[in-house]
There are 2 protein chains.
Amino acid sequence: MYNQEALVNRLHARGIRVTPQRAMILRAVEAMPGHVTAEELYAAVQAESPYVNLATVYRTLDLLKSLDLITDADMGTGATHYALRSHADHHHAICRACRHSVEFPDHLLSGLIHDLHTGYGFEAEANHIVVFGLCAACAKIEELHSSPA
Amino acid sequence: MYNQEALVNRLHARGIRVTPQRAMILRAVEAMPGHVTAEELYAAVQAESPYVNLATVYRTLDLLKSLDLITDADMGTGATHYALRSHADHHHAICRACRHSVEFPDHLLSGLIHDLHTGYGFEAEANHIVVFGLCAACAKIEELHSSPA
DNA sequence: TTGCAAATGCGAATGATTTGCAGCAAATTG
DNA sequence: CAATTTGCTGCAAATCATTCGCATTTGCAA
(Lines give C-alpha, C1' and ligand atoms only; values in the text may rest on other atoms or scores of the structure.)
Protein backbone atom coordinates (compact mmCIF):
# COMPACT_ATOMS: atom_id res chain seq x y z
CA MET A 1 0.00 0.00 0.00
CA TYR A 2 1.08 3.51 0.62
CA ASN A 3 4.43 4.13 2.12
CA GLN A 4 2.75 5.42 5.27
CA GLU A 5 5.34 8.15 5.15
CA ALA A 6 4.93 9.00 1.51
CA LEU A 7 3.28 12.34 2.13
CA VAL A 8 5.81 13.31 4.76
CA ASN A 9 8.59 12.59 2.31
CA ARG A 10 6.87 14.55 -0.40
CA LEU A 11 6.73 17.58 1.85
CA HIS A 12 10.35 17.23 2.82
CA ALA A 13 11.30 16.96 -0.80
CA ARG A 14 9.60 20.24 -1.50
CA GLY A 15 11.29 21.92 1.41
CA ILE A 16 8.12 22.30 3.40
CA ARG A 17 8.20 22.11 7.15
CA VAL A 18 6.95 18.88 8.60
CA THR A 19 5.77 19.67 12.08
CA PRO A 20 4.54 17.00 14.47
CA GLN A 21 0.95 17.96 13.90
CA ARG A 22 1.41 17.85 10.16
CA ALA A 23 3.07 14.47 10.38
CA MET A 24 0.18 13.14 12.43
CA ILE A 25 -2.39 14.54 10.06
CA LEU A 26 -0.53 13.21 7.06
CA ARG A 27 -0.29 9.75 8.53
CA ALA A 28 -3.96 9.85 9.40
CA VAL A 29 -4.84 10.78 5.84
CA GLU A 30 -2.84 7.86 4.55
CA ALA A 31 -4.18 5.44 7.10
CA MET A 32 -7.85 6.19 6.60
CA PRO A 33 -9.49 4.47 3.69
CA GLY A 34 -11.30 6.33 0.99
CA HIS A 35 -12.88 9.68 1.65
CA VAL A 36 -12.70 11.42 4.95
CA THR A 37 -14.05 14.65 6.32
CA ALA A 38 -11.93 17.15 8.19
CA GLU A 39 -13.86 16.32 11.30
CA GLU A 40 -13.10 12.61 11.00
CA LEU A 41 -9.43 13.30 10.52
CA TYR A 42 -9.52 15.61 13.47
CA ALA A 43 -10.99 12.86 15.62
CA ALA A 44 -8.38 10.38 14.44
CA VAL A 45 -5.54 12.74 15.19
CA GLN A 46 -6.98 13.71 18.55
CA ALA A 47 -6.83 10.09 19.57
CA GLU A 48 -3.09 10.25 19.13
CA SER A 49 -2.56 13.63 20.62
CA PRO A 50 -5.23 15.92 22.02
CA TYR A 51 -3.28 19.04 21.25
CA VAL A 52 -4.01 19.37 17.59
CA ASN A 53 -6.45 21.97 16.50
CA LEU A 54 -9.24 21.58 13.99
CA ALA A 55 -8.05 24.73 12.27
CA THR A 56 -4.68 23.10 11.78
CA VAL A 57 -6.32 20.11 10.19
CA TYR A 58 -8.06 22.41 7.74
CA ARG A 59 -4.87 24.31 7.06
CA THR A 60 -2.93 21.13 6.44
CA LEU A 61 -5.65 19.83 4.18
CA ASP A 62 -5.46 23.06 2.22
CA LEU A 63 -1.73 22.68 1.94
CA LEU A 64 -2.01 19.14 0.64
CA LYS A 65 -4.65 20.21 -1.79
CA SER A 66 -2.52 23.00 -3.15
CA LEU A 67 0.30 20.49 -3.59
CA ASP A 68 -2.07 18.21 -5.47
CA LEU A 69 -1.52 15.38 -3.03
CA ILE A 70 -5.14 15.08 -2.05
CA THR A 71 -8.44 15.82 -3.74
CA ASP A 72 -11.66 17.06 -2.28
CA ALA A 73 -15.21 16.34 -3.25
CA ASP A 74 -18.58 17.58 -2.14
CA MET A 75 -20.61 14.46 -1.60
CA GLY A 76 -23.69 16.46 -0.80
CA THR A 77 -23.55 15.93 2.94
CA GLY A 78 -22.46 19.41 3.84
CA ALA A 79 -18.91 18.46 4.72
CA THR A 80 -16.14 18.24 2.18
CA HIS A 81 -14.62 14.82 1.68
CA TYR A 82 -10.92 14.44 1.16
CA ALA A 83 -8.98 11.56 -0.32
CA LEU A 84 -5.48 10.78 -1.41
CA ARG A 85 -4.85 11.71 -4.95
CA SER A 86 -3.61 8.19 -5.56
CA HIS A 87 -6.90 6.86 -4.33
CA ALA A 88 -8.81 8.86 -6.85
CA ASP A 89 -9.28 6.27 -9.52
CA HIS A 90 -13.03 6.18 -9.32
CA HIS A 91 -16.05 8.44 -9.01
CA HIS A 92 -19.39 8.50 -7.29
CA ALA A 93 -22.97 8.33 -8.31
CA ILE A 94 -25.01 9.32 -5.30
CA CYS A 95 -28.70 8.57 -4.98
CA ARG A 96 -30.61 11.62 -3.87
CA ALA A 97 -33.29 9.48 -2.30
CA CYS A 98 -31.43 6.90 -0.23
CA ARG A 99 -28.12 8.77 -0.14
CA HIS A 100 -26.22 5.65 -1.05
CA SER A 101 -23.32 6.05 -3.35
CA VAL A 102 -22.29 3.82 -6.18
CA GLU A 103 -18.67 3.94 -7.18
CA PHE A 104 -17.91 3.84 -10.83
CA PRO A 105 -14.56 3.54 -12.54
CA ASP A 106 -12.52 6.24 -14.07
CA HIS A 107 -12.90 5.17 -17.64
CA LEU A 108 -16.58 6.06 -17.78
CA LEU A 109 -15.42 9.64 -17.76
CA SER A 110 -12.64 9.30 -20.26
CA GLY A 111 -14.93 10.34 -23.09
CA LEU A 112 -16.00 13.50 -21.32
CA ILE A 113 -12.46 14.38 -20.30
CA HIS A 114 -11.24 13.82 -23.81
CA ASP A 115 -14.00 15.94 -25.32
CA LEU A 116 -13.42 18.76 -22.87
CA HIS A 117 -9.77 18.69 -23.72
CA THR A 118 -9.99 18.61 -27.48
CA GLY A 119 -13.08 20.76 -27.71
CA TYR A 120 -12.35 23.41 -25.10
CA GLY A 121 -8.76 22.99 -24.07
CA PHE A 122 -10.09 22.36 -20.61
CA GLU A 123 -8.04 20.09 -18.35
CA ALA A 124 -10.66 18.44 -16.21
CA GLU A 125 -9.43 17.30 -12.84
CA ALA A 126 -11.81 14.45 -12.82
CA ASN A 127 -10.52 12.81 -9.70
CA HIS A 128 -13.64 12.60 -7.72
CA ILE A 129 -16.59 13.54 -9.79
CA VAL A 130 -19.90 13.27 -8.05
CA VAL A 131 -23.04 12.70 -10.06
CA PHE A 132 -26.41 12.81 -8.37
CA GLY A 133 -29.48 10.94 -9.41
CA LEU A 134 -31.49 7.91 -8.45
CA CYS A 135 -30.20 4.44 -7.88
CA ALA A 136 -32.01 1.52 -9.47
CA ALA A 137 -34.13 0.78 -6.41
CA CYS A 138 -35.20 4.35 -5.73
CA ALA A 139 -35.88 5.01 -9.39
CA LYS A 140 -38.40 2.20 -9.32
CA ILE A 141 -40.10 3.66 -6.29
CA GLU A 142 -40.34 7.12 -7.84
CA GLU A 143 -41.87 5.58 -10.89
CA LEU A 144 -44.66 4.06 -8.86
CA HIS A 145 -45.41 7.37 -7.24
CA SER A 146 -45.70 9.34 -10.41
CA SER A 147 -47.23 6.98 -12.92
CA PRO A 148 -50.74 6.73 -11.45
CA ALA A 149 -51.48 10.32 -12.40
CA MET B 1 -39.31 32.31 -24.00
CA TYR B 2 -40.84 31.06 -20.80
CA ASN B 3 -44.44 31.75 -20.17
CA GLN B 4 -43.49 34.02 -17.27
CA GLU B 5 -46.30 32.32 -15.42
CA ALA B 6 -45.38 28.81 -16.30
CA LEU B 7 -44.22 27.87 -12.84
CA VAL B 8 -47.24 29.44 -11.21
CA ASN B 9 -49.45 27.37 -13.44
CA ARG B 10 -47.54 24.24 -12.66
CA LEU B 11 -48.10 24.77 -8.98
CA HIS B 12 -51.76 25.42 -9.49
CA ALA B 13 -52.01 22.29 -11.56
CA ARG B 14 -50.60 20.28 -8.71
CA GLY B 15 -52.95 21.82 -6.24
CA ILE B 16 -50.26 23.72 -4.39
CA ARG B 17 -51.00 27.09 -2.91
CA VAL B 18 -49.67 30.02 -4.82
CA THR B 19 -49.22 32.80 -2.32
CA PRO B 20 -48.13 36.30 -3.29
CA GLN B 21 -44.60 35.68 -2.09
CA ARG B 22 -44.41 32.44 -3.97
CA ALA B 23 -45.71 34.09 -7.10
CA MET B 24 -43.08 36.80 -6.80
CA ILE B 25 -40.32 34.31 -6.22
CA LEU B 26 -41.49 32.14 -9.07
CA ARG B 27 -41.61 35.06 -11.45
CA ALA B 28 -38.16 36.13 -10.34
CA VAL B 29 -36.80 32.67 -11.01
CA GLU B 30 -38.25 32.76 -14.49
CA ALA B 31 -37.10 36.28 -15.19
CA MET B 32 -33.52 35.85 -14.14
CA PRO B 33 -31.24 34.31 -16.68
CA GLY B 34 -29.20 31.21 -16.02
CA HIS B 35 -28.12 30.33 -12.51
CA VAL B 36 -29.05 32.38 -9.52
CA THR B 37 -28.30 32.17 -5.84
CA ALA B 38 -30.94 32.37 -3.17
CA GLU B 39 -29.51 35.69 -2.13
CA GLU B 40 -29.84 37.14 -5.62
CA LEU B 41 -33.41 36.01 -5.87
CA TYR B 42 -34.06 37.47 -2.47
CA ALA B 43 -32.71 40.83 -3.61
CA ALA B 44 -34.79 40.73 -6.77
CA VAL B 45 -37.95 39.97 -4.87
CA GLN B 46 -37.19 42.58 -2.23
CA ALA B 47 -37.13 45.18 -4.93
CA GLU B 48 -40.73 44.37 -5.66
CA SER B 49 -41.86 43.98 -2.10
CA PRO B 50 -39.72 44.36 0.98
CA TYR B 51 -41.84 42.02 3.03
CA VAL B 52 -40.53 38.74 1.78
CA ASN B 53 -38.24 36.76 3.94
CA LEU B 54 -35.06 35.01 2.91
CA ALA B 55 -36.26 31.88 4.66
CA THR B 56 -39.30 31.90 2.42
CA VAL B 57 -37.09 32.10 -0.63
CA TYR B 58 -35.22 29.04 0.54
CA ARG B 59 -38.42 27.23 1.33
CA THR B 60 -39.86 28.01 -2.07
CA LEU B 61 -36.68 26.93 -3.77
CA ASP B 62 -36.86 23.66 -1.88
CA LEU B 63 -40.43 23.24 -3.00
CA LEU B 64 -39.55 23.83 -6.63
CA LYS B 65 -36.66 21.46 -6.35
CA SER B 66 -38.80 18.71 -4.91
CA LEU B 67 -41.23 19.24 -7.78
CA ASP B 68 -38.36 18.94 -10.24
CA LEU B 69 -39.03 22.36 -11.67
CA ILE B 70 -35.61 23.73 -10.86
CA THR B 71 -32.17 22.25 -10.40
CA ASP B 72 -29.40 23.24 -8.10
CA ALA B 73 -25.66 23.14 -8.57
CA ASP B 74 -22.70 23.88 -6.39
CA MET B 75 -20.50 26.06 -8.52
CA GLY B 76 -17.83 26.16 -5.88
CA THR B 77 -18.60 29.66 -4.67
CA GLY B 78 -20.14 28.67 -1.39
CA ALA B 79 -23.66 29.50 -2.41
CA THR B 80 -25.89 27.07 -4.24
CA HIS B 81 -26.96 28.11 -7.72
CA TYR B 82 -30.45 27.44 -8.93
CA ALA B 83 -31.79 27.30 -12.45
CA LEU B 84 -34.95 26.39 -14.24
CA ARG B 85 -35.04 22.76 -15.15
CA SER B 86 -35.82 23.81 -18.71
CA HIS B 87 -32.66 25.84 -18.75
CA ALA B 88 -30.60 22.83 -17.82
CA ASP B 89 -29.44 21.76 -21.23
CA HIS B 90 -25.80 22.33 -20.55
CA HIS B 91 -23.13 21.85 -17.93
CA HIS B 92 -20.16 23.67 -16.50
CA ALA B 93 -16.45 23.23 -16.51
CA ILE B 94 -15.06 25.63 -13.93
CA CYS B 95 -11.44 26.64 -13.81
CA ARG B 96 -10.07 26.39 -10.32
CA ALA B 97 -7.49 29.04 -11.05
CA CYS B 98 -9.40 31.87 -12.70
CA ARG B 99 -12.84 30.73 -11.59
CA HIS B 100 -14.22 31.20 -15.07
CA SER B 101 -16.72 28.69 -16.24
CA VAL B 102 -16.98 27.14 -19.63
CA GLU B 103 -20.37 25.84 -20.59
CA PHE B 104 -20.47 22.59 -22.44
CA PRO B 105 -23.42 20.89 -24.05
CA ASP B 106 -25.48 18.09 -22.75
CA HIS B 107 -24.37 15.49 -25.20
CA LEU B 108 -20.84 15.29 -23.85
CA LEU B 109 -22.36 13.50 -20.92
CA SER B 110 -24.61 11.17 -22.81
CA GLY B 111 -21.99 8.46 -22.81
CA LEU B 112 -21.58 8.62 -19.06
CA ILE B 113 -25.31 8.71 -18.45
CA HIS B 114 -25.83 5.77 -20.72
CA ASP B 115 -23.08 3.75 -19.07
CA LEU B 116 -24.37 4.50 -15.60
CA HIS B 117 -27.79 3.39 -16.67
CA THR B 118 -26.90 0.16 -18.38
CA GLY B 119 -24.06 -0.72 -16.06
CA TYR B 120 -25.51 0.26 -12.71
CA GLY B 121 -29.18 0.96 -13.21
CA PHE B 122 -28.42 4.45 -12.00
CA GLU B 123 -30.57 7.27 -13.33
CA ALA B 124 -28.20 10.20 -13.38
CA GLU B 125 -29.86 13.57 -13.07
CA ALA B 126 -27.21 15.21 -15.09
CA ASN B 127 -28.89 18.54 -15.39
CA HIS B 128 -26.19 20.73 -14.13
CA ILE B 129 -23.01 18.83 -13.72
CA VAL B 130 -20.04 20.85 -12.58
CA VAL B 131 -16.55 19.67 -13.44
CA PHE B 132 -13.55 21.44 -12.00
CA GLY B 133 -10.16 21.73 -13.59
CA LEU B 134 -8.03 24.19 -15.47
CA CYS B 135 -9.05 26.19 -18.48
CA ALA B 136 -6.72 26.34 -21.45
CA ALA B 137 -5.09 29.60 -20.38
CA CYS B 138 -4.52 28.65 -16.76
CA ALA B 139 -3.30 25.19 -17.71
CA LYS B 140 -0.58 26.84 -19.74
CA ILE B 141 0.45 29.02 -16.83
CA GLU B 142 0.60 26.07 -14.46
CA GLU B 143 2.76 24.25 -16.92
CA LEU B 144 5.30 27.04 -16.93
CA HIS B 145 5.45 27.04 -13.18
CA SER B 146 6.07 23.36 -12.79
CA SER B 147 8.14 22.35 -15.78
CA PRO B 148 11.43 24.08 -14.84
CA ALA B 149 11.89 21.61 -12.00
C1' DT C 1 22.14 32.46 20.21
C1' DT C 2 19.51 35.58 17.91
C1' DG C 3 16.07 36.61 14.69
C1' DC C 4 12.58 36.12 11.51
C1' DA C 5 9.33 33.67 8.87
C1' DA C 6 6.24 30.10 9.17
C1' DA C 7 3.05 27.23 11.94
C1' DT C 8 -0.15 26.65 15.79
C1' DG C 9 -3.91 27.19 19.20
C1' DC C 10 -7.68 29.50 20.64
C1' DG C 11 -11.86 31.55 20.29
C1' DA C 12 -14.54 34.47 17.78
C1' DA C 13 -16.41 35.52 13.20
C1' DT C 14 -18.56 34.23 8.84
C1' DG C 15 -21.86 32.90 5.63
C1' DA C 16 -25.21 29.86 3.82
C1' DT C 17 -28.95 27.45 5.20
C1' DT C 18 -32.48 25.66 8.55
C1' DT C 19 -35.63 25.62 12.29
C1' DG C 20 -38.99 26.67 16.09
C1' DC C 21 -42.68 29.06 16.82
C1' DA C 22 -46.46 32.36 16.95
C1' DG C 23 -49.57 34.72 13.92
C1' DC C 24 -52.33 34.57 9.67
C1' DA C 25 -54.72 33.27 5.59
C1' DA C 26 -56.91 30.11 2.80
C1' DA C 27 -59.42 26.05 2.16
C1' DT C 28 -62.66 22.70 4.12
C1' DT C 29 -66.40 21.23 6.90
C1' DG C 30 -70.77 21.23 8.90
C1' DC D 1 -71.53 31.47 7.22
C1' DA D 2 -68.91 30.28 11.44
C1' DA D 3 -65.76 27.03 13.02
C1' DT D 4 -61.86 24.32 12.33
C1' DT D 5 -58.12 22.46 10.18
C1' DT D 6 -54.14 22.99 7.18
C1' DG D 7 -50.48 25.23 5.42
C1' DC D 8 -47.54 29.58 4.69
C1' DT D 9 -44.92 33.40 6.48
C1' DG D 10 -41.90 36.35 9.17
C1' DC D 11 -38.77 36.65 12.62
C1' DA D 12 -35.07 35.62 15.26
C1' DA D 13 -32.25 32.22 16.95
C1' DA D 14 -29.71 27.99 15.93
C1' DT D 15 -26.56 25.10 13.02
C1' DC D 16 -22.69 23.60 10.82
C1' DA D 17 -18.57 23.68 8.15
C1' DT D 18 -15.00 26.55 7.50
C1' DT D 19 -12.00 30.65 8.12
C1' DC D 20 -9.78 34.52 10.58
C1' DG D 21 -7.32 37.45 13.86
C1' DC D 22 -3.94 37.46 16.76
C1' DA D 23 -0.78 36.26 20.40
C1' DT D 24 2.49 32.58 21.10
C1' DT D 25 5.61 29.02 19.77
C1' DT D 26 8.59 26.65 16.73
C1' DG D 27 11.99 25.61 13.11
C1' DC D 28 15.75 26.65 10.70
C1' DA D 29 19.44 29.95 9.11
C1' DA D 30 22.90 33.24 9.97
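The sequence lines fix the lettering, A, B, ..., with proteins before strands; numbering per chain opens at 1.
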| said: Less than 4.0 angstrom from a charged side-chain N to a carboxylate O is my criterion; do B:Arg59 and B:Asp62 meet it? | reply: no
Phosphate contact ([N] OP1 or OP2) by [X] side-chain N/O below 4.0 Å:
| X | N | answer |
| --- | --- | --- |
| A:Thr37 | D:dA17 | no |
| A:Tyr58 | D:dT19 | no |
| A:Thr56 | C:dG9 | yes |
| B:Gln21 | D:dG10 | yes |

| If Ile, Leu, Val, Met, Phe, Trp and Tyr residues are connected whenever their side-chain heavy atoms lie under 4.5 Å apart, and connections chain through other members, are B:Phe104 and B:Met75 in the same group? | no
Tell me the interatomic distance from [X], atom [atom1], to [N], atom [atom2], rounded to whole angstroms.
| X | N | atom1 | atom2 | result |
| --- | --- | --- | --- | --- |
| A:Tyr51 | D:dT24 | OH | C1' | 16 Å |
| B:Asp74 | D:dA17 | CG | P | 16 Å |
| A:Arg22 | C:dA6 | CZ | C1' | 8 Å |
| B:Ile16 | D:dC8 | CD1 | P | 8 Å |
| A:Arg14 | C:dA6 | CZ | P | 18 Å |
| A:His81 | D:dT18 | NE2 | P | 10 Å |
| B:Leu63 | D:dC8 | CG | P | 8 Å |
| B:Leu54 | D:dG10 | CG | C1' | 11 Å |

| field | Check: B:Arg59 side chain, D:dG7 base, donor-acceptor under 3.5 Å | value | no
| message | On the side chain of B:Arg17, is there an atom forming a donor-acceptor pair with the base of D:dT6 - under 3.5 Å, no angle test? | response | yes
| Base, sugar-phosphate, or nothing: which does A:Thr80 touch, judged by heavy atoms less than 4.0 Å apart? | sugar-phosphate
| query | Do B:Tyr42 and B:Ile25 touch side chain to side chain, with heavy atoms closer than 4.5 Å? | reply | no
| remark: Which of B:Met24, B:Lys65, B:Arg22 passes side-chain contact (heavy atoms from CB on, under 4.5 Å) with B:Thr60? It is B:Arg22
| query | B:His81 and B:Thr37: side chain to side chain donor-acceptor pair (under 3.5 Å), yes or no, with the steps? | reply | CA-CA 5 Å; B:His81 285 67; B:Thr37 65; 5.9 Å; no
